[in-house]
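Heads up: the structure comes next, in structure tokens.
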Amino acid sequence: MTTTTPRVASRWSRFRGSYLLYSFKRDLIAQLSLVVFIALVAVAVLAPWLAPMNPYDLAQIDIMASELPPFWVEGSDPTYLMGTDAQGRDLLSTILYGARVSLIIGFGAVALQALLGVSFGLLAGYLGGRVDAFLMRLADIQLSFSTLMVAIVVGALVKAIFGGATFSAYAVPLLVLIIGLAEWPQYARTVRASVLAERHKEYVDAARVMGFTSRRIMFRHILPNTLSPIFVISTVQVANAIISEAALSFLGLGMPETQPSLGSLIKSGFDYLQSGSWWITLIPGLVLVLLVLVINLLGDWLRDVLNPRLYKG
């Protein structure tokens with residue numbers, strides 16, 4: 001206790017006096033964005049307990065109650081606050097469950113992107129030579145194609161090879177894999193640039209003299225000094241991954257309608273816009289816009305805070 005307590009207190013005191021907390025306390029937009037983001041994540045995680053109905057339970061779905069409007073529109077049913085979709089599912093429940101699926105795909109895809117991109121960036125920047133040339137040319141080839149095009153091609157191939165039923169059963173891990181593989185060069189190029197700036201510094205030379213392995217130098221010494229740009233990229237990439245999932249679902253290559261996500265909900269109601277059932281698409285679309293907006297606002301704030309050129313003490 002005598003050794004750990006002062007250390008914990010020291011870390012807390014450093015955090016309380018850090019520019020990160022100082023800037024956050026004085027940025028109302030960042031505070032509101034964080035509150036909204038935490039609220040959205042909380043309701044998505046607690047969807048099984050907060051949702052009035054389970055959209056996966058066919059016994060709770062009443063097809064005769066399909067396309068009911070939300071509570072503020074004439075002809076609504078008080079049982080369904082946000083109305084129902086074309087299948088008779090409670091729209092509020094499907095949004096809560098769908099937001100959870102979209103967040104799982106977003107964070108899972110970014111975790112895969114970071115794992116691949118950071119590893120390749122460390123290897124390319126530290127080892128250099130042919131390893132650097134090969135990995136960076138691979139990243140250049142990947143970047144020459146748009147993320148959505150790569151995801152569409154890979155998703156279509158997986159669906160054609162394994163069938164639609166298999167794709168639907170494993171839609172979440174497949175989308176994490178597809179979106180993750182499409183965006184790793186963003187991390188690789190950023191980490192490589194940071195490693196090139198760090199590998200000739202004195203602490204790296206001292207680690208080599210002490211006989212540390214290249215693996216330990218890369219992951220224990222260089223990587224912690226490249227975390228700032230990684231955090232900034234991750235916030236932006238989470239939003240991009242959620243948008244990519246929504247786009248793929250809208251094109252029929254993402255989550256099936258039986259497994260609601262924000263993207264599949266938007267797609268399921270798109271055909272009913274002209275019939276007057278605008279809420280099926282509009283309400284999930286507004287939730288998606290709000291989620292992506294607060295993530296991007298937090299990313300912009302974090303980018304400014306971690307930018308040393310804007311540091312004011």
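The basis for the numbers below is simple: all heavy atoms, side chains too, and nothing from hydrogens, waters or symmetry mates.
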Evaluate the side-chain proximity of [Y] to [X]: yes if any heavy-atom separation is below 4.5 Å, no if none is.
X	Y	answer
Arg89	Pro55	yes
Leu92	Ile283	no
Ile179	Gln113	yes
Gln237	Ile242	no
Thr94	Met82	no

Practice task
Can you tell me which residue pairs pass the salt bridge (Lys or Arg N to Asp or Glu O under 4.0 Å) test with a partner in residues 280-293, sequence neighbours excluded?
Solution key: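 The answer is none; no pair qualifies.
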List, one per line, each side-chain donor-acceptor pair under 3.5 Å for residues 287-297, sequence neighbours excluded.
residue: Asn296; atom: ND2; partner: Val292; partner atom: O; Å: 3.3

Exercise for the section: Would you sort out whether Gln259 and Ser264 count as a side chain to side chain donor-acceptor pair (under 3.5 Å), showing the intermediate values? Expected result: CA-CA 8 Å; Gln259 302 179 40; Ser264 64; over 6 Å; no
Show every donor-acceptor pair shorter than 3.5 Å between a side-chain atom in residues 33-52 and any protein atom, with sequence neighbours excluded, or say none if there are none.
residue: Ser33; atom: OG; partner: Ile29; partner atom: O; Å: 2.8

Residue [X] excluded, over 12 heavy atoms near [atom1] under 6.0 Å:
X	atom1	value
Arg26	CZ	yes
Arg208	CZ	yes
Met210	CE	no
Arg189	CZ	no

Once ring-ring contact (aromatic ring centres under 6.0 Å, His included) is applied, what residue pairs with a partner in [range] remain, sequence neighbours excluded?
range	answer
residues 214-250	Phe212-His221, Phe250-Phe270
residues 168-191	Phe120-Trp184
residues 58-96	none

Problem - Heavy-atom closest pair, residues Ala124 and Met136 - result: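 The answer is CB-CE, 4.0 Å.
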Problem - Stepwise side-chain contact (heavy atoms from CB on, under 4.5 Å) check, Tyr126 with Leu196 - result: CA-CA 7 Å; Tyr126 186 79; Leu196 290 176; over 6 Å; no
